[in-house]
Amino acid sequence: MDYFEVFGLPRMLGIDLAALEKTFHQLSRKYHPDYFTTAPAAEKTQAVRMTALLNDAYRTLRHPVHRVEYLLSLYGFKSDSSKVPQSLLMEVFEINEQLEEVKAGRASVEEIDSLRAQIQQKRQRFDKELQQASLSWDDLVNSGATEARLKAHLAGLAEILAESSYIRNLEREFETGSQPRA
Amino acid sequence: MAKIVGIDLGTTNSLVAIVESGEPRVIPGPDGSKLVPSVIYFDESGPVVGNSAKKKMVEKPKNTIFSIKRFMGKGIEDVKDDLPLLPFEVSAQSEHIIHLKIFNRDYTPPELSAFILRELKRNAEAMLGEEIKNAVVTVPAYFNDAQRQATKDAGRIAGLDVLRIVNEPTAASLAYGLDKKKQGTIAVYDFGGGTFDISILKLSDGIFEVLATAGDTHLGGDDIDEQLIRFVLAGRDPAQANIPAIRKAVNEAKEQLSASDKTDIVVESLQYKRGITRPEFNALIEPIIERTLKPCRQALQDAGLRPDQIDEVVLVGGSTRIPLVRARVQELFGRVPHTELNPDEVVALGAAVQADILAGGKRDMLLLDVTPLSLGIETMGGVMSKIIPRNSTIPASATEMFTTFIDGQRNVKIHVLQGERELVKDCRSLAEFDLKDIPPMGAGMARIEVKFLIDADGILSVSAQEQRTGKYQSIEVRPTYGLTDEQVEHMILESFEYAEADIEARLLIEARNEAETVLNATAKGIADEQYGNLPDDERAEIAAANKNLREVMKTNNHQSIREAIERLSNATMHLAELIMNAAIGKALKDKRVKEIDNE
């Protein structure tokens, strides 16, 4: 059973979070191991597994990025956020150089602020792209697009995901490693 | 069903509570005291626990064990900073599990904690007039896997089946939520004798959902005492001073300073007397209080909330009586914290409420707790690769694929860790798992799917299945900071309570009971329509394992019965999954038809 099936949802990316939470609570009340303390061992084990699956599914689906990652994995796409996506190479070259300066403690407060703004701007841009591509996935599914078209769209989605993940890692690296020049 | 008690196994004090006619209450000991000091005094005739043991702390420091909770799941390296101020004799073999030497016998922290649990069990039995076998035991939310397992082991040694490990701040929120039953967010700030936790919860319609938790399992009132001891020592060698006497004196002064503006620290045996004002005291402990605020900010951030989005703040633990603590918490969250319930009792009361839920008493309340630390595995280059992030709702699971690197390789080693840092060396080693008896094949051909499962107690288990053969792999677990099953069984044997024959008989009865249960469940499974959907070979294995268990059950060997149970459980796992999935599919369909609002 995949995560979408756990919630009785189609494989679509627009999810009503309030409804998702409500179903999560209903299913938790049904399967939580707390209610199987006196049940036979096999049923207990099954309740733990089922609740784990439910929790894993909820954790993944409520997060817009993890949701995309998961959908892609269902169609055999693997994500790797460690490498710079080809399309980003030129764009992030300068940012990476500045980040090195910041991490080495050689940047001024103003330089750090400007870098933060640049990174944030990019992250917002890719978040938006990801959101739009997610919406158009749902449109494609709803319009009954051919399998070839769906596959092609997923490949595009995978690319945007790789880019936005890379920028998000960059942002994290920036936040944990920035010390202004003494 | 038999009664289930709730136990708060604290660093300084322990309590046992139970729900009767809908209300939780603490069960006092024979001396009328609700708080049982977590102190064990040994003399030649055996151990004494509680208030009478506490009286021996100054007189017989070497034989009077206190704050043992701080040693649970720890090795000698973890506590080396504390040892100079502690009077205990640590045995040489303490690298991964601390052993204390008392009258020439080594005791591990789970064995020592078991003395406290036995005392609570006896108190409950005396009051309730029946044998108590089942308990819910609380632990700090930030306890790691080894510390939780050590707590469960302590229960087993004490003859208690620990049905659930509950996090202390979550238990406290249950006790508070009883009469309130609101919607909204709560922050529970739990500052006890030895540990600090902060948990952020969301309440809705009886569901207590923990959003984030953070803490420090080595930060509490004991640290404040030690700070004051150093203040009294003023640079003198601790080995030359009477530390237990100083500890008692500063502890009294600390408690007085919560009510008055100044007091004296008096150590008669040293002819020491010194006045201390609350501002002086505050200046000394300020750095310790400051250390609690960082986890608070972390938990808020993880929960995605600002301090002003917290509706209620609840204080738990004796150290929250300190005025400076209250002031700092109030500053951080911008609101006056709740203190209506006794901070010493609230965790035990909550544990009793959870016990009542498990016993089937209350179905309208449900706790959804999280794992405090990320779980990961060691990958190439000593890097920790996270597979279950911290603050995931438990039970939680993750699946990873492993393969072999050389032709005919039969074993694969997996190193499991907990922590947030990137490198293995900066994380807490949890255990090594050896996947054994992999069918011989070419390098990289085996595909072993390993499933990591954190249960509702926050404790990890691992199962593995070779994908080509479909066989469940056998796994050997070597806990890094814990006892193996055999060691725990050995300790039960050695404990004062049981003679060897008793324990063998008990293990046999338990194994047979479980065998009955599994056989019944299998019979039910075979009768289910899903049974027809199983491939022939799986059905054959179920039949064979079923027959095997029936035969082995007649013997007196509990170990072989356990093995036969495991074989049958493995054989029926797929069937159980099919049945459960079908049930869920049906439940979801029903739901879509009816669009149930509240079940």
Side-chain angles (χ1 to χ4, degrees), chain A residues 1-10 17-19 21-63 65-66 70 73 78 80-82 169 172-173 175-177, chain B residues 1 4 134 163-164 204-207 209 354 357-360 363-368 370 388-389 391-399 451 453-456 461 514 516-518 520-522 524-525 565 568-569 572-573 576-577 579-581 583-585 587-589 591-592 596-599:
Chain A
M1 197 173 0
D2 73 39
Y3 292 169
F4 291 96
E5 286 167 337
V6 169
F7 280 91
L9 291 169
L17 288 179
E21 187 187 40
K22 201 166 162 189
T23 312
F24 172 62
H25 285 168
Q26 278 171 355
L27 292 175
S28 294
R29 282 192 191 276
K30 209 170 206 123
Y31 298 112
H32 199 278
D34 278 8
Y35 301 139
F36 290 83
T37 318
T38 53
E43 271 179 51
K44 255 192 253 182
T45 312
Q46 217 31 53
V48 174
R49 280 163 193 254
M50 183 53 217
T51 310
L53 175 64
L54 173 65
N55 290 338
D56 297 343
Y58 184 53
R59 183 169 72 240
T60 307
L61 293 186
R62 77 178 153 185
H63 193 288
V65 176
H66 296 164
Y70 181 71
S73 77
K78 277 196 195 114
D80 177 9
S81 57
S82 59
N169 282 341
R172 210 168 303 138
E173 208 181 320
E175 271 159 12
T176 51
Chain B
M1 128 150 236
I4 310 175
N134 299 315
L163 297 180
R164 176 61 43 82
S204 62
D205 293 323
I207 293 201
E209 187 180 353
Q354 176 67 9
I357 296 173
L358 296 188
R363 265 206 89 130
D364 53 337
M365 286 167 106
L366 176 62
L367 268 192
L368 300 177
V370 299
I388 299 178
N391 292 322
S392 294
T393 306
I394 51 174
S397 64
T399 306
K451 186 155 190 182
L453 179 77
I454 301 179
D455 66 14
S461 64
E514 196 176 326
E516 283 292 345
T517 322
V518 174
N520 286 338
T522 307
K524 255 170 82 185
I565 291 173
L568 183 57
S569 302
T572 53
M573 214 175 272
E577 244 164 71
I579 295 173
M580 199 73 172
N581 288 352
I584 293 155
L588 284 169
K589 237 178 264 153
K591 184 179 147 287
R592 274 199 292 275
I596 316 160
D597 261 355
N598 279 310
E599 284 174 61

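Within every chain, numbering begins at 1; the chains are lettered A, B, ... in the order of the sequence lines, protein sequences first and strands thereafter.
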Handout entry: side chain to side chain contact (heavy atoms under 4.5 Å, CB included) assessment of A:S28 paired with B:L368
Key = CA-CA 9 Å; A:S28 294; B:L368 300 177; 4.1 Å; yes
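In this structure, B:Q354 and A:D34 have side chains that are in contact, with non-hydrogen atoms separated by less than 4.5 Å. Side chains of B:L366 and A:Y35 form a contact here, defined as non-hydrogen atoms less than 4.5 Å apart.
The two residues A:R59 and B:S397 make their nearest non-hydrogen contact at NH2-O, 3.9 Å. Scanning both residues, A:P40 and B:T517, for their nearest heavy atoms gives CB-CG2, 3.1 Å.
Atom-to-atom distance recorded for A:T37:OG1 and B:R164:CZ is 6.5 Å, nearest 0.5 angstrom. With rounding to the nearest 0.5 angstrom, the CD1 atom of B:I394 is 11.0 Å from the OG1 atom of A:T51.
Residue contact with chain A, scored on non-hydrogen atoms closer than 4.5 Å, is absent for B:I454. With a threshold of 4.5 angstrom between heavy atoms, A:F36 does not approach chain B through any atom at all. Within the 4.5 angstrom heavy-atom criterion, atoms from both the backbone and the side chain of B:A576 approach chain A.
Contact tally against chain A (heavy-atom pairs below 4.5 Å) for B:G525, B:S392, B:S569: the top residue is B:S392. Looking only at heavy-atom pairs under 4.5 Å with chain A, the residue among B:E577, B:E514, B:K451 that has the most is B:E577.
With B:I207 as the fixed residue, the side-chain contact (heavy atoms from CB on, under 4.5 Å) test singles out one of A:R29, A:Q26, A:H32: A:R29.
A:N55 contributes no side-chain N or O that, together with a main-chain N or O of B:A396, makes up a donor-acceptor pair within less than 3.5 Å.
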